[in-house]
Chemist: 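Next up is a structure, given as C-alpha cells.
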Amino acid sequence: MSRTTKSRKRRATRSHSTPARKNTTLSPSSLLPADGLGTYGDDIFFGWGNASATQTSVGHCDPQDASAEKLGFSNEAEFLRARDVLIGAGYKSAEISKLFKGKAVSSPSAADLPELLALTGGGSPLETLVRLFLLNVEVPVEDAQRALGSMKIDSWTRAQVLKQNDGVVVPTIRLLPYDGLLVAVESLETVRNGRSDLVSGVTPSRIALTKLMIHRPAKRMLDLHTGCGVLALIASGFCERVHAIDANPRAVMFARFNAQLNDCSNVSVHRGNFFEPVRRMSFDLIVSGASSIISPDMENGHRGVRECGGATVERIIREAPRFLEQGGFCQTIRGWGHCRDRNWHEDVSRWFDGIGCDAWVMRRLTQTPTAYAKALCSTLHNAENANDRFARWMDFYRREAIEAISTGLITLRRQSEAKHWVRIDEWASRLGDGAGTDVLEGFALQDYLEDACDDAKLFQTRFRVSSRVRLDQKCEPSEGEWQCVGARVELVGGLSRSWTADVRLVKLLRLCDGTCRLGDVLKELSESLPTDVGSISADFVCGVRKLIAAGVLLPEIDESGDCKCGPEPKKSKVMVLMRGFPSCGKSKAARKLAKSGGVVFEFDEYFYTQVGEDSSKYDWSSDLLPKAREWNLDRIFPAIDSGVSPIIIDSDNEPGRFTKKYVAHAIDRGYQIQFKEPDSTWWRAIRVLLRDKHANAEGLRAWAHALTQMSKTTHRVSVQEMLRRIEKWEETSTERIMATTSTGKPASRNGD
C-alpha cells in the first residue's frame, strides 16, 4: 500500500547509540526562515547524522568499518540541505515521470540514453539532477552548481556523492525516488564494471516485499541482508525501532547513508552475518529481500544456492523463529529447485518441521532451467562471457537433476500451539497495494479452516462474499433472453487472482450473503440446478475451502462467536502523544495527523476558551493548570470510550501521574500509544542538540531565546521557562509513563 504522508513521518524520539557532537552550524539563524515560522511540503523530510563509518547517529557503529569507503555528508545540517535541494527541485517519481512523458526508467539502457538526454536538455534544476543521479552522466560544473542552488558542490564531493574532473561533475551513485523515499544505489558505471562487493539495490524481490510486507505497528523489526536498506526505510514508518544487517561493509555504508538522507532516525544498521549482530534481540517482524539464485556459484554478491531446494532459504527458516516474538512474522522471497523423481511440495514442507511456526508459501513463478539461466546470466555483470556462464549453469542443473525452478514468498508466524500448519499456494497474479494486509488476513482465514477441519462445522457457518470480488459475465441472446455463456471471478486489490466460473460458482456467490448457513446454500444449489446434491457435494467442500483460503468467501461471526475473520482487518485504535517545546510546530503537526478523521485535544485550548472573555486571546496561568487538566480529562475519556482514532494529545506529555491517567485508560480500551514530534526544521535542529545537552548548552540557550521571541504573540513563554523545559527534556516511552507511580495498578479517571 502506498505510504501516506502521515505514515512517512519518522520517529524522532528514539535513543541513539552515539552521543551528539557540539555543532555550531545548527543555530537558529542558520535554519529558521526569515519570519521564524516557515513551512515545507508534506513530503519534504530531512535527515541528520554523521555519515562516517566510525561515528553515526543513525545505527550501530562497527569498529571493523573504520577502513571502509566513506559516503555521506559531514554534518547534520548538510544532510538537511541535501534533501531540501533534491525535493525542492521536484526530484520525485511523479515529476520525473512527467519529464520522461510517462516512460518508466529504472535502469536506462544505452539504447534509451539518447532519447532521455533529449528529454532532459532544458537546463532546469530538475533536468540537471535527473541527468546526474538517474541517468548518471556528467554535467558541466556551472550547470551542477545552478541545480544545487546555495549548497556548494564541494559539500557533495566531500560526501563522495559527486566528483569534479576538468570542468565537469561526475556522479558516483544513483538516487532513486521510490515510495516517497530517496534511495541511493550503485552507479550505472559501478554495476557495469561488476565489482565483487556490489550492493543490492531496489531489486524486483525487494519491490515485491515492499508490497507483501505486513504493515502493522511493531516495536522491533529486522531487515536481514538489507542491501541498500529500502525495506528498513519503509518499515521505519510503522515500526518503533528497525535493525538492518548486511555482511557487506559497502552495503552497510549505503544503508546508513539512506537512513540519514531519509530522516529514519529509528533505523540502526549493523555489519554482520545472518543474526549474529542481534543475537540477544527478538522481533515482531523479520524480512529478507536478498537475491536467492539457484546457481553453481556466488557472483557479484548474490548468494548462490548449490543444494537442490535452497540451503540459504532453509537456514533463514531454521534460525529466524528463535528471534521472533510470539505471534511475530518472518517474510522472505526465495527460489528453490524441483528435482527429478521428487515431490517439491514435500521437499519444501520439510523446511518447517519442528520450527514452532505456521508457514505459508506462495509460489509466484516457475521456470524451466533454460529460461531461468537465460534471464539471469545476461544481467549478472562480470568479466565472464554470458554464454560461458549459461553453459556452466546448465551443466549444474543437469548434474543436480533440477527440472524446474520456482520463486515465491515464504511467511512464517511463530505461535506456541502444539500443532502447526503449512500452506502451499499458487499465486501467479500481480501484486497490488495492500498485499501485506491480505497476507495477514490469509493467516486468520487459514486459522479458521484449521479449526473447522470438520465439515459439519463448516456447514453451520454463514459466509459472505468479500467486497474485493468482481464477477464478469459474458452473455448471449437466446430465445428472447440473455443467457450466461461464460463468467470469470476476480479478486482485486493486493493479492489479486482470477478464476473461470461455472454456473455453480456464480450461484454460490449470489447465495452467500451472510444470512444463510453453508449447509442451506448447498441445499438450495441442489434444488435450483439440474443435478442432485450428491454430485454437487462431491467437490463442493474442497472448492469452498479454496475460496475461503483465497479470501473470496469470508466467515461471518455467528451466535457462538467462533468465526472472527472479516473482509477487512480490524483497524488498530491509536492515541498519539505529541512532544516538543512551544513554538516548534507541535500543534500544526497534530492537526495534520487528525486529517484522517481523528481528534486533537490541545491543552492550550483551555486558556483560550475557558479563561477570559476573548476566545482568541491566550490567557495562560500556572494557577489554573489543575483545572485545565481536569477539563481536558473530561473531554479525553469519553473519546477513548467511544473508540475515536486517532486521538492526538497536544501537550508536553512528560511522564507523570496526569499523563498516566489517560494513557492507562487508553491502553485498557485497546489503544496503541505512539509518540510524534513537530516537522519543522528548527525542531529537528534542536533535537540534534538535545542528544547531549551539556555539550550543546550554548546552542540550546540560543534556541531558548529564539523560541521565546517566536512565542510572544501566542504562548508568551519566558526564557527561564524554556530553559527549564530544555533541562527537563528526556526520551520517554509508554513504559516510562506507566512507571510513574508505585502502585503498579492502572490509574483511574479520578485516581491520583
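Counting begins at 1 with the first residue of the sequence. Source: prediction; values computed, not measured. Only this structure's heavy atoms are used, side chains among them; waters, hydrogens and symmetry mates stay out.
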Chemist: For Arg669, I'd like to know if atom CZ has over 12 heavy atoms of other residues, nucleotides or ligands within 6.0 Å.
Modeler: yes

Chemist: Considering residues at least two apart in sequence or located in another chain, which fulfil the salt bridge (Lys or Arg N to Asp or Glu O under 4.0 Å) criterion with Lys693?
Modeler: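 Applying salt bridge (Lys or Arg N to Asp or Glu O under 4.0 Å) to Lys693 gives none.
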
Chemist: Just do the side chain to side chain contact (heavy atoms under 4.5 Å, CB included) check on Leu148 and Leu129 with the steps written out, would you?
Modeler: CA-CA 8 Å; Leu148 298 176; Leu129 293 174; 4.0 Å; yes

Chemist: Donor-acceptor check, side chain of Glu127 to backbone of Gly123, threshold 3.5 angstrom: yes or no?
Modeler: yes

Chemist: For Ala666, what residues pass the side-chain contact (heavy atoms from CB on, under 4.5 Å) criterion, not counting sequence neighbours?
Modeler: Met575, Ile640, Tyr671, Ile673

Chemist: Using a 3.5 Å distance criterion without hydrogens, assess whether the side chain of Asn136 forms a donor-acceptor pair with backbone atoms of Arg131.
Modeler: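 It does not hold such a pair.
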
Chemist: For Phe601, what residues pass the ring-ring contact (aromatic ring centres under 6.0 Å, His included) criterion, not counting sequence neighbours?
Modeler: none

Chemist: If you take all heavy atoms of Ala590 and Val600, which pair is closest and at what distance?
Modeler: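 Looking at all heavy atoms of both residues, the shortest contact is O-CG2, 3.6 Å.
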
Chemist: Regarding Asp143 and Arg146, does a basic nitrogen lie under 4.0 Å from an acidic carboxylate oxygen?
Modeler: yes

Chemist: Taking Thr120 as the fixed residue, which of Val130, Ile96, Leu126 is the one that meets the side chain to side chain contact (heavy atoms under 4.5 Å, CB included) rule?
Modeler: Val130

Chemist: Under the rule for side-chain contact (heavy atoms from CB on, under 4.5 Å), what residues qualify as partners of Ala144, not counting sequence neighbours?
Modeler: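 With neighbours one apart ignored, the set is Leu132, Val139, Ile153, Val169.
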
Chemist: Identify the heavy atoms of Lys70 and Met253 that sit nearest to each other, and give their distance.
Modeler: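 Scanning both residues completely, I find the closest heavy atoms to be C-SD, 3.7 Å.
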
Chemist: Would you give the length of the straight line joining atom CD1 of Ile649 to atom CD1 of Ile636, rounded to the nearest 0.5 angstrom?
Modeler: 3.5 Å

Chemist: How far apart are the closest heavy atoms of Ser268 and Arg241, and which atoms are they?
Modeler: OG-NH1, 3.3 Å

Chemist: Taking salt bridge (Lys or Arg N to Asp or Glu O under 4.0 Å) as the test, write out the residues that go with Lys627, two or more places apart.
Modeler: none

Chemist: Can you name the nearest heavy-atom pair linking Ala235 to Met213, along with the distance?
Modeler: N-CE, 4.3 Å

Chemist: If we check side chain to side chain contact (heavy atoms under 4.5 Å, CB included) with Thr210, which of these qualifies: Val202, Asp179, Leu231, Leu233?
Modeler: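 Among Val202, Asp179, Leu231, Leu233, the one meeting side chain to side chain contact (heavy atoms under 4.5 Å, CB included) with Thr210 is Leu231.
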
Chemist: Would you please test Val663 and Leu577 for side chain to side chain contact (heavy atoms under 4.5 Å, CB included) and show each step?
Modeler: CA-CA 9 Å; Val663 170; Leu577 305 184; 3.9 Å; yes

Chemist: In terms of relative ring orientation, are Phe73 and Phe79 parallel, tilted or perpendicular, with 30° and 60° separating the classes?
Modeler: perpendicular

Chemist: Distance from Gln720 atom CD to Thr708 atom OG1, nearest 0.5 Å?
Modeler: 8.0 Å

Chemist: Roughly how far apart are Ile686 CD1 and Cys584 SG, rounded to 0.5 Å?
Modeler: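 Answer rounded to 0.5 Å: 4.0 Å.
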
Chemist: Does Ser187 form a side chain to side chain contact (heavy atoms under 4.5 Å, CB included) with Thr172? I'd like the steps, not just the answer.
Modeler: CA-CA 6 Å; Ser187 70; Thr172 65; 5.8 Å; no

Chemist: Report the residues that fulfil salt bridge (Lys or Arg N to Asp or Glu O under 4.0 Å) with Glu730, sequence neighbours left out, ordered by chain and then residue number.
Modeler: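 Glu730 satisfies salt bridge (Lys or Arg N to Asp or Glu O under 4.0 Å) with Arg736 once adjacent residues are dropped.
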
Chemist: What do the steps show when you test His270 against Val252 for side chain to side chain contact (heavy atoms under 4.5 Å, CB included), and what is the final call?
Modeler: CA-CA 7 Å; His270 312 263; Val252 172; over 6 Å; no

Chemist: Measuring only between side-chain heavy atoms, which start at C-beta, is Val576 closer than 4.5 Å to Met578?
Modeler: yes

Chemist: Do Asp284 and Met221 come within less than 4.5 Å of each other through their side chains, counting heavy atoms only?
Modeler: no

Chemist: How would you list, by chain and number, every residue that makes a side-chain hydrogen bond (donor to acceptor under 3.5 Å, both in side chains) with Glu78, sequence neighbours excluded?
Modeler: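 Scan of Glu78 (side-chain hydrogen bond (donor to acceptor under 3.5 Å, both in side chains), adjacent residues dropped) gives Ser74, Ser155, Arg158.
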
Chemist: Name all residues meeting the side-chain hydrogen bond (donor to acceptor under 3.5 Å, both in side chains) criterion together with Ser97; count only those two or more places apart in sequence or in a different chain, and write none if there are none.
Modeler: none

Chemist: Tell me whether Thr226 contacts the main-chain N or O of Ile245 through its side chain, where contact means a donor paired with an acceptor under 3.5 Å.
Modeler: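 Absent.
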
Chemist: With sequence neighbours excluded, tell me which residues meet side-chain hydrogen bond (donor to acceptor under 3.5 Å, both in side chains) with Glu721.
Modeler: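 Listed in chain order: Arg724, Arg725.
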
Chemist: Strictly distance-based, threshold 3.5 Å: is any side-chain N or O of Asn262 a donor or acceptor partner for the main-chain N or O of Leu182?
Modeler: yes

Chemist: Looking at every non-hydrogen atom in both residues, tell me the closest pair between Leu175 and Tyr91 and how far apart they are.
Modeler: O-OH, 2.7 Å

Chemist: Would you give the length of the straight line joining atom CD1 of Ile647 to atom OH of Tyr662, rounded to the nearest 0.5 angstrom?
Modeler: 11.5 Å

Chemist: To the nearest 0.5 Å, how far apart are CD in Glu240 and CG in Asn266?
Modeler: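 Nearest 0.5 Å value for the CD-CG distance: 9.0 Å.
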
Chemist: Quick one: list whatever passes salt bridge (Lys or Arg N to Asp or Glu O under 4.0 Å) with Arg216, sequence neighbours left out.
Modeler: none

Chemist: Quick check for you: to the nearest 0.5 Å, what is the distance between Gln145 atom CD and Asp154 atom CG?
Modeler: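 That separation rounds to 8.0 Å.
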
Chemist: Evaluate the side-chain proximity of Arg701 to Ile726: yes if any heavy-atom separation is below 4.5 Å, no if none is.
Modeler: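 Result no, sub-4.5 Å side-chain heavy-atom pair not found.
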
Chemist: Keeping Arg174 on the side-chain end and Leu134 on the backbone end, is there a donor-acceptor pair under 3.5 Å?
Modeler: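 Side chain of Arg174 to backbone of Leu134, a donor-acceptor pair under 3.5 Å: yes, one is there.
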
Chemist: Kindly write out the residues that satisfy ring-ring contact (aromatic ring centres under 6.0 Å, His included) with Phe581, not counting sequence neighbours, or none if the list is empty.
Modeler: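 With neighbours one apart ignored, the set is Trp683, Trp729.
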
Chemist: Between Lys661 and Glu630, what is the shortest heavy-atom contact and its length?
Modeler: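 Shortest heavy-atom separation between Lys661 and Glu630 comes out as NZ-OE2, 3.9 Å.
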
Chemist: Under the rule for side-chain hydrogen bond (donor to acceptor under 3.5 Å, both in side chains), what residues qualify as partners of Asn258, not counting sequence neighbours?
Modeler: none

Chemist: Do Met722 and Pro582 have side chains that approach each other closer than 4.5 Å (heavy atoms only, starting at C-beta)?
Modeler: yes

